[in-house]
Student: 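I'd like to ask you about the structure that follows.
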Amino acid sequence: MTGAGAPDDQPVDCHDLRVAVVAARWHEQVMDGLLAGATRALDDYQVEEPGVVRVPGSFELPVVARALAETGYEAIVALGVVIRGGTPHFDYVCSAATDGLARIAVDTGAAIGFGLLTCDTEQQALDRAGLEGSQEDKGYEATAAALSTAMTLRNIRRGYAPESP
Ligand code: DLZ
């Protein structure tokens with residue numbers, strides 16, 4: 001199970017955080033599950049009026065995430081699915097999206113939720129999509145991680161001392 005060891009974080013109040021979700025369109029059923037998971041997390045964390053932007057494919061996630069970060073969004077959740085069997089460009093699309101998203105987080109200081117599934121088969125993606133019968137809920141996890149990180153960044157910028165472990 002890929003999710004073994006994941007933290008069991010409890011939702012915190014993020015009602016005044018500026019949050020956007022950027023989601024690719026490839027692999028509709030899996031994307032529907034990831035988006036539903038993200039929506040559940042946004043509700044649990046009390047995010048008000050999150051923005052949602054769709055892009056054609058995962059390759060386009062970083063450039064749109066960057067534009068959102070530059071216009072003041074503090075947390076951006078990137079959702080996409082790339083399936084090895086479905087594309088000869090698997091490695092290129094995965095690394096462009098992954099490297100691009102990591103760079104945006106470090107360069108802009110926005111919290112980026114990494115909800116990009118990179119799978120060998122569609123079944124693996126379905127297992128992680130938070131659908132009925134799925135074993136994992138990566139849309140929820142990526143959203144919770146982005147929100148938690150954004151609150152940590154906000155506290156650091158406001159001069160609050162980091163919490164002791
Ligand atoms: C072209 C392509 C292929 C073959 N497979 C996927 C995929 O599995 N998942 C995904 O999100 N996007 C895919 N794409 C589209 C690229 O991400 C991109 O949208 C196009 O190359 C146009 O720039």
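Note that the structure is a prediction, hence the values are computed from the model and not measured.
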Student: Can you give each donor-acceptor pair under 3.5 Å made by side-chain atoms of residues 92-118, sequence neighbours left out, with the distance rounded to 0.1 Å?
Tutor:
residue, atom, partner, partner atom, Å
Ser95, OG, Asp91, O, 2.9
Thr98, OG1, Cys94, O, 2.7
Thr108, OG1, Ile104, O, 2.7
Thr108, OG1, Ala110, N, 3.2

Student: Tell me, which pairs form a salt bridge (Lys or Arg N to Asp or Glu O under 4.0 Å) where one or both residues lie in residues 13-42, sequence neighbours left out?
Tutor: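 Pairs touching residues 13-42 that pass the test: Asp16-Arg154, Arg40-Asp137.
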Student: Report, as yes or no, whether the 6.0 Å neighbourhood of atom CD on Gln124 holds more than 12 heavy atoms from other residues, nucleotides or ligands.
Tutor: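 Yes, the 6.0 Å shell around CD holds more than 12 heavy atoms from other groups.
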Student: Could you check if a side-chain atom of Leu42 sits within less than 4.5 angstrom of a side-chain atom of Val19, using non-hydrogen atoms only?
Tutor: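 Yes - at least one pair of side-chain heavy atoms lies under 4.5 Å apart.
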Student: Filter on side chain to side chain donor-acceptor pair (under 3.5 Å), then keep only pairs touching residues 54-67, sequence neighbours left out; what's left?
Tutor: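 Applying side chain to side chain donor-acceptor pair (under 3.5 Å) to every pair that reaches into residues 54-67, excluding sequence neighbours, yields Arg66-Glu70.
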Student: For Ala75 and Leu17, which heavy atoms make the closest approach, and how far apart are they?
Tutor: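 Residues Ala75 and Leu17, closest heavy atoms: CB-CD2, 4.4 Å.
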Student: Could you go through the side-chain contact (heavy atoms from CB on, under 4.5 Å) check for Asp127 and Glu136 one step at a time?
Tutor: CA-CA 6 Å; Asp127 286 343; Glu136 297 181 86; over 6 Å; no
Student: Please tabulate, for side-chain N and O atoms in residues 141-153, each donor-acceptor pair with protein atoms closer than 3.5 Å (sequence neighbours left out).
Tutor:
residue, atom, partner, partner atom, Å
Glu141, OE1, Lys138, NZ, 3.1
Thr143, OG1, Gly139, O, 2.7
Thr149, OG1, Ala145, O, 2.7
Thr152, OG1, Ser148, O, 3.1

Student: Rounded at 0.5 Å granularity, tell me how far CZ in Arg128 sits from CD in Gln123.
Tutor: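 That separation rounds to 10.5 Å.
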Student: Hey, could you give me each pair passing side chain to side chain donor-acceptor pair (under 3.5 Å) that has a residue in residues 43-52? Not counting sequence neighbours.
Tutor: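 Sorted pair list: Asp44-Tyr140.
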Student: How about Cys14 and Val12: do any of their side-chain heavy atoms sit closer than 4.5 Å?
Tutor: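 They are in contact (side-chain heavy atoms under 4.5 Å apart), so the answer is yes.
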Student: Walk me through whether Val47 and His15 qualify under side-chain contact (heavy atoms from CB on, under 4.5 Å).
Tutor: CA-CA 4 Å; Val47 174; His15 75 276; over 6 Å; no
Student: Does Val81 reach the side chain of Met31, with side-chain heavy atoms less than 4.5 Å apart?
Tutor: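 Contact flag for Val81/Met31 side chains = yes.
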Student: Just verifying a value: how many Å separate Gln29 CD and Leu131 CG, rounded to the nearest 0.5 Å?
Tutor: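 The distance works out to 6.0 Å.
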Student: For a quick test of reading the model, state the closest non-hydrogen atom pair linking Ala24 to Leu61 and the distance between them.
Tutor: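 Taking every non-hydrogen atom into account, N-CD2, 3.9 Å.
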Student: Which heavy atom in Leu35 sits nearest to a heavy atom in Ala23, and how many Å separate them?
Tutor: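 That would be CD2-CB, 4.0 Å.
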Student: Could you walk me through whether Val30 and Leu126 pass the side-chain contact (heavy atoms from CB on, under 4.5 Å) test, one step at a time?
Tutor: CA-CA 6 Å; Val30 182; Leu126 290 167; 3.7 Å; yes
Student: Quick check: closest heavy atoms across Ile76 and Ala65, and the distance to 0.1 Å?
Tutor: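 Nearest pair, atom of Ile76 first, then Ala65: CD1-O, 3.5 Å.
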